[in-house]
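Nothing here was measured: the structure is a model prediction, and the numbers come from that model. Every chain is numbered from 1 and lettered A, B, ... according to where its sequence line falls, protein lines coming before strand lines.
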Amino acid sequence: MSNVRVRFAPSPTGGLHLGGVRTVLYNYLFARQNKGSFILRIEDTDQNRYVEGAEDYIYNALSWCGLEPDESPRHGGQYGPYRQSERKESYRRYAEKLVQEGHAYYAFDTPAELEQMRNELRTDENPNPQYDHRVRGKMRNSLSLSAKETEELLQKDTPHVIRIRMPEKDKVSFTDMIRGEVSFETGLVDDKVLLKADGMPTYHLAVVVDDHLMEISHAFRGEEWLPSAPVHILLWRYLFGEDKMPQWAHLPLILGPTGKLSKREAMKYGFPVFAMNWKDPATGELTEGFRERGFLPQAFVNLLAMLGWNDGSEQEIFTLQELVEKFNIDHVHKGGAKFDFEKAKWFNHEWIKKLPASHYLPEVKAQLQQRGLHVEEDGQLERIVTLVKERCSLLTDFYDNSYFFFRAPAEYDTAAVLPKWNAEKRNFFHEFLKETESITEWNSAFLENAFKQLAAVHGIKPGELQLPFRIMLVGGKFGPGVFDIADILGQKETAARIGSALIQFK
RNA sequence: GCCGCGUUCGUCUAAGGGUUAGGACACCACCCUUUCACGGUGGUGAUACGGGUUCGAAUCCCGUACGCGGUACCA
């Protein structure tokens, strides 16, 4: 193991969306590539947002994708605990240390007072007044109050938070692995809360403390975190030293068709956003997942990897192993990527074709049975799946492409047959029916040969007979090659279907 | 408003000073196939705009426009 340690730190709020999985993926690839560790840390410090079952969901989703963490609340590790709520005590210490050193301060403002401040300061020019160095002198905090007043308030257990004291005039900059040099004026950043009144840290404090304690070396996160980077950098500077700070990589956002990718928008356009189905235990609301939509995990991981990264070549289909080998942070794109469901389906289609049927036979079988088809034998199903997989983009497409193997047609597309139907053709099929009884070798090539020879005897072009044959077997103009269908159906079933069809064709 | 990040075919992207700006998805046409797909061949289609720098700019610099993100005791 190298000293490369990366982490994914989701808050258990339910579901795991595309952007989240891609962040995990890049973390994972980077860790594996450098023979380092991939850590799953749970950010459950916001009681209001914590959702029952959400943590299990994250494990299941990662496991489905094949992105198993090395360390986590469940996998254990030397740097535990891996849930923030279980690390509560340590955060206060660091916050107090910052106060003592003058980098942070106690703030006693009530929510109502904050609201009042914002209302008073709000103008058209400044729609979102911040609690910053220009404002903090007018608020109730240990900077504006005397030491004695502050002490009294603390003695009386007055609810308070700890805020970072952003320098009035300073410049913070860092080198992002993807974007290069990024810099901020500290005077324009507000005094973020570090420790909440309930004693829980905010993300800002927690991420810095935990990254330090867990010896994180590289940190990948979404671009939405870029604006708070100066706060984190300052915290590193004050607490542990900037030289110990992990290297940052802010990943481009994944966008929806008209803007930010949201559950709501995805639903509107009919595609999933979550890795797997998520049912909110509180509301009962079900959000569809890629897995249930019929995606293979290999395809899901592949398409996500390509959303913002490429290896510089024209290759698009990668196994996870290949991604580990070829992933390269320099090739991660800076701009946000719009998610295209059509292309996502193409990836899945490629993977369905690429993988042997055995890889997804159980899923397909379960789906067929769920929809009322009786699958008698796995061997036959495997032949069917192998035959029709190239026409399926999603695992759920297998039903439409194979149900006719399990069920004789209830109706026939007679409009496609009858206009050209005549006594000779009927005759042909009667004879073909008889001939099939004595066919010794029941396979596609042999059948086709017999069919064509007999057609020649009757002086009919085989093409003119193939469509009626198809309709006899499956009922309509669809499905794979007719002789392949007959092959799988077997002699008995094929004969039965021809027989029933001949009664119908008048 | 302020701050930050971004901008190559409709979409994902390649090209890191010199290419007829390449590929993939989607779309269209043809071929294959007397179903539909798969496959094959070809086609439509892009450097946001304006200034520089340079013999030469999609590429470097500045400005503008547009998009996105942030601006919570949420992450």
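Only the C1' atoms considered, rA57(B) is 16 Å distant from rC49(B), to the nearest whole Å. Atom name C1', nucleotides rU20(B) and rG1(B): the rounded distance is 48 Å, in whole Å. Look at the C1' atom in both rU71(B) and rG63(B): the space between them is 26 Å, to the nearest Å. Atom C1' of rG23(B) sits at a distance of 11 Å from the matching atom of rA15(B), rounded to the whole Å. Taking atom P in both rU11(B) and rC3(B), one finds a spacing of 29 Å when rounded to whole Å.
No salt bridge links K345(A) with D397(A); every basic N to acidic carboxylate O contact stays at or beyond 4.0 Å. Salt bridge present: K343(A) and E316(A) bring a charged side-chain N and a carboxylate O closer than 4.0 Å. Of the charged side-chain nitrogens involved, none lies within less than 4.0 Å of a carboxylate oxygen, so that E89(A) and R93(A) do not count as a salt-bridged pair. Residues K268(A) and E265(A) are not paired through a salt bridge, judged by the lack of any N-O separation under 4.0 Å between the basic side chain and the carboxylate.
Regarding contacts with the backbone of rU13(B), every side-chain N or O of N310(A) stays at 4.0 angstrom or more from both OP1 and OP2.
Of the two residues near RNA chain B, W346(A) and E181(A), the one whose nearest nucleotide lies more 5' is E181(A).
At the heavy-atom level, V182(A) lies under 4.0 Å from the strands shown only through sugar-phosphate atoms. No engagement by F339(A) is indicated, since no non-hydrogen atom pair under 4.0 Å with the nucleic acid exists. Looking at heavy-atom distances under 4.0 Å, H250(A) makes no contact with the nucleic acid at all. Residue contacts shown for E464(A) include a base, since a base heavy atom lies under 4.0 Å away. Counting non-hydrogen atoms under 4.0 angstrom, K353(A) reaches the backbone sugars and phosphates but no base.
Across every strand in view, rA29(B) sits in a pair with rU41(B) that passes the Watson-Crick or G-U test at under 3.5 angstrom.
For F429(A) and F505(A), the distance between ring centers is not under 6.0 angstrom.
As a whole-Å value, the separation of N126(A) CG from rC3(B) P is 11 Å. Across the protein-nucleic acid pair, H349(A) atom NE2 and rA24(B) atom C1' stand 14 Å apart, rounded to whole Å. Going from atom CG of D413(A) over to atom P of rU34(B) covers 19 Å, rounded to whole Å.
Classified by interplanar angle (parallel below 30°, tilted 30° to 60°, perpendicular above 60°), the ring pair H204(A)/H232(A) is tilted. Between F341(A) and F271(A), the ring planes lie parallel to each other; the angle is under 30°, not in the 30° to 60° tilted range.
Atoms CG and OH, on L235(A) and Y94(A) in that order, are 12.5 Å from each other to the nearest 0.5 Å.
With distances taken from any side-chain atom of L188(A) to the nucleotides rC3(B), rG10(B), rU13(B), the minimum falls on rC3(B).
Looking at heavy atoms from C-beta onward, L303(A) lies in side-chain contact with F295(A) at the 4.5 angstrom threshold.
The base of rA26(B) does not come close enough to the side chain of K343(A) for any donor and acceptor atom to sit less than 3.5 Å apart.
Within residues 470-484 of chain A, the residues that place at least one heavy atom under 4.0 Å from RNA chain B are, in residue-number order, R470(A), K477(A), F478(A), G479(A), P480(A), G481(A).
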*Using a 4.0 Å cut-off on protein heavy atoms (strictly under), produce a 5'-to-3' string for nucleotides 66-75 of chain B with B for base contact, S for backbone-only sugar-phosphate contact, and - for none.*
--SBSBSBBB
